[in-house]
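Have a look at the structure below, then the notes.
Keep in mind that what you see is a predicted model, and the values were worked out from it rather than measured.
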Amino acid sequence: MKANQDKLQRLLSDKKTLEQVAKSPDAQALAGMISQGQDQASLKKIAADAAKGDTSQLSQLIQNIVRSPGGAELLQRLSGTINQK
């Protein structure tokens, strides 16, 4: 668990890699899936609630993505891309 946290921390501090991942076609597709059916205010509230420790809405959003056609595969590809960095 600590190793994953360390890796995530390194990724978040590596702005060049983070930018490359964020501009990837998979990240763009994920952003489209996240915003589908959600307005900016709703997404901001989900993020703010998650930052305060209430991750229920974020979990629901992720579950919706995983259940959508191609969603799980998309998340796996993004995870692989991140793990390569």
Side-chain angles (χ1 to χ4, degrees):
M1 186 79 163
K2 176 93 169 103
N4 286 338
Q5 289 174 338
D6 290 344
K7 188 172 192 171
L8 179 59
Q9 191 62 40
R10 280 193 308 274
L11 174 66
L12 291 175
S13 65
D14 184 350
K15 296 195 185 311
K16 182 178 178 184
T17 298
L18 196 55
E19 185 176 319
Q20 288 173 342
V21 171
K23 290 182 176 181
S24 72
D26 286 336
Q28 297 298 316
L30 179 60
M33 292 176 107
I34 289 171
S35 62
Q36 187 175 28
Q38 300 281 339
D39 60 31
Q40 288 294 335
S42 295
L43 292 173
K44 285 181 181 181
K45 182 177 181 336
I46 290 169
D49 289 349
K52 294 176 188 171
D54 178 4
T55 59
S56 59
Q57 290 179 322
L58 180 59
S59 294
Q60 183 61 45
L61 182 62
I62 293 168
Q63 286 301 315
N64 290 343
I65 292 169
V66 170
R67 291 183 191 132
S68 68
E73 182 182 327
L74 176 64
L75 290 173
Q76 285 178 332
R77 284 195 314 264
L78 267 173
S79 177
T81 299
I82 291 169
N83 285 331
Q84 291 173 359
K85 301 293 180 187

Show, in sequence, the C-alpha distance, side-chain angles and deciding distance for Leu58 and Asp49, and conclude whether the side-chain contact (heavy atoms from CB on, under 4.5 Å) test is met.
CA-CA 8 Å; Leu58 180 59; Asp49 289 349; over 6 Å; no
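Among pairs with a residue in residues 28-40, those fulfilling side chain to side chain donor-acceptor pair (under 3.5 Å) read Asp39-Ser42, at least two apart in sequence or across chains.
Distance CG/Leu78 to CG/Asp26: 5.0 Å, rounded to 0.5 Å. Atom CD1 of residue Ile46 and atom CD1 of residue Ile62 lie 10.0 Å apart, to the nearest 0.5 angstrom.
Shown here for Ala27 and Ala22, the closest heavy-atom pair between the two residues is CB-O, 3.4 Å. The shortest heavy-atom contact between Met33 and Ser68 is CE-OG, 2.7 Å.
Residues Arg77 and Glu73 are paired through a salt bridge, judged by an N-O separation under 4.0 Å between the basic side chain and the carboxylate.
In this structure a side-chain-to-backbone donor-acceptor pair under 3.5 Å is present from Ser24 to Val21.
For the side-chain contact (heavy atoms from CB on, under 4.5 Å) test, residues two or more places apart in sequence or in another chain that qualify with Thr55 are Ala50, Ser59.
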